[in-house]
Amino acid sequence: MNIPSELKYTKDHEWVKIEGDVATVGITDFAQGELGDIVYVEVETLDETLDKDEIFGTVEAVKTVSDLFLPLTGEIIEFNEGLEDSPENVNSDPYGAGWMIKIKLSDLSEVESLLSDSDYKELIGA
C-alpha cells in the first residue's frame, strides 16, 4: 500500500499536500481500494469557503457513494476537471492524476491536526 511520507492525512482517509497557503487534496490509496472502481467524482463547492470537516463533494464507486470531508478550512479554488472524463484516475493514481481539489487555506495552524504518514499507517493497520 502506498502512503507517501511527504503528505499529511486525515482520519477520513484523505491526503493533503501543503504548498505555502494552498493544499491539494485527494483520497488515499487505502480509501480507493476500499471503495472499489470509482465511476464519478462530484464537487459542487468550487469557489466556496468551507470549514474543516464540512462535506465538499462525493465520490461514487460501483457499489457505494461516499462523502468527501474538507481536511482544512479554506476556499476551494480548483477542481481536477480531468476526473470528469477519467474518474478512474483516483484508483490508478490517487496521489497524482487522481487529486480532487485545491484549497486556499484560511488557518495554517489547522495543519497541525493532520496525521503524519506513520500515524495514518497506524490508523489503518498497515
Side-chain angles (χ1 to χ4, degrees):
M1 182 167 320
N2 187 10
I3 303 172
S5 61
E6 69 276 10
L7 301 177
K8 297 289 188 179
Y9 299 89
T10 72
K11 292 178 180 166
D12 294 314
H13 308 288
E14 283 133 0
W15 60 264
V16 183
K17 180 179 181 182
I18 307 290
E19 296 172 293
D21 64 350
V22 174
T24 303
V25 178
I27 64 170
T28 64
D29 190 26
F30 174 82
Q32 70 79 24
E34 293 291 303
L35 287 168
D37 292 337
I38 293 172
V39 295
Y40 189 67
V41 177
E42 180 177 56
V43 174
E44 293 184 347
T45 51
L46 189 61
D47 299 324
E48 290 183 25
T49 299
L50 301 175
D51 290 331
K52 177 182 173 182
D53 298 327
E54 280 194 82
I55 295 170
F56 72 84
T58 57
V59 61
E60 184 177 339
V62 174
K63 296 178 183 172
T64 188
V65 176
S66 292
D67 289 331
L68 297 166
F69 297 94
L70 201 64
L72 300 163
T73 301
E75 179 185 359
I76 298 174
I77 57 171
E78 191 174 341
F79 168 65
N80 181 357
E81 293 179 6
L83 297 180
E84 291 178 352
D85 293 327
S86 302
E88 67 276 4
N89 286 345
V90 176
N91 293 115
S92 63
D93 190 11
Y95 302 110
W99 69 273
M100 295 181 177
I101 61 167
K102 292 190 179 184
I103 310 164
K104 178 143 179 66
L105 301 175
S106 299
D107 184 354
L108 287 171
S109 70
E110 289 181 348
V111 172
E112 300 301 317
S113 68
L114 298 173
L115 303 174
S116 67
D117 61 313
S118 58
D119 292 336
Y120 185 69
K121 286 176 185 174
E122 187 176 315
L123 175 74
I124 63 172

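Bear in mind that the values here come from a model prediction, so they are computed numbers and not experimental data.
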Pair Val59-Tyr40, side chain to side chain contact (heavy atoms under 4.5 Å, CB included): steps then yes or no: CA-CA 6 Å; Val59 61; Tyr40 189 67; over 6 Å; no
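Checking Leu72, Ile103, Thr24 one by one against Val16, the side-chain contact (heavy atoms from CB on, under 4.5 Å) holds for a single residue, Leu72. Tested against Ile101, the residues Leu70, Leu83, Asn80 include a single side-chain contact (heavy atoms from CB on, under 4.5 Å) partner, Leu70.
Considering every non-hydrogen atom in both Leu35 and Ala61, the closest pair reads O-CB, 3.3 Å. For Asp117 against Pro4, the heavy-atom pair with the smallest separation is CB-O, 3.8 Å. Considering all non-hydrogen atoms of both residues, Asn91 and Ile38 come closest at OD1-N, 2.8 Å.
Taking Lys52 as the reference, nothing meets the salt bridge (Lys or Arg N to Asp or Glu O under 4.0 Å) condition, with sequence neighbours excluded.
Residues His13 and Leu123 are in side-chain contact: their nearest non-hydrogen atoms beyond the backbone lie under 4.5 Å apart. Here the side chains of Ile124 and Met1 are in contact, with some heavy-atom distance below 4.5 Å. Two residues are said to be in side-chain contact when any heavy atoms from C-beta on lie closer than 4.5 Å; Phe56 and Ile76 meet this criterion. Looking only at side-chain heavy atoms (C-beta outward), Thr58 and Glu42 come within less than 4.5 Å of each other. Residues Phe69 and Ile55 meet the side-chain proximity criterion, which asks for heavy atoms closer than 4.5 Å.
Here Asn89 contributes atom CG and Met100 contributes atom CE; the two are 10.5 Å apart, rounded to the nearest 0.5 Å. With rounding to the nearest 0.5 angstrom, the CD1 atom of Ile3 is 6.0 Å from the OH atom of Tyr95.
Under 3.5 Å, the side chains of Thr28 and Tyr120 contain a donor-acceptor pair of N or O atoms.
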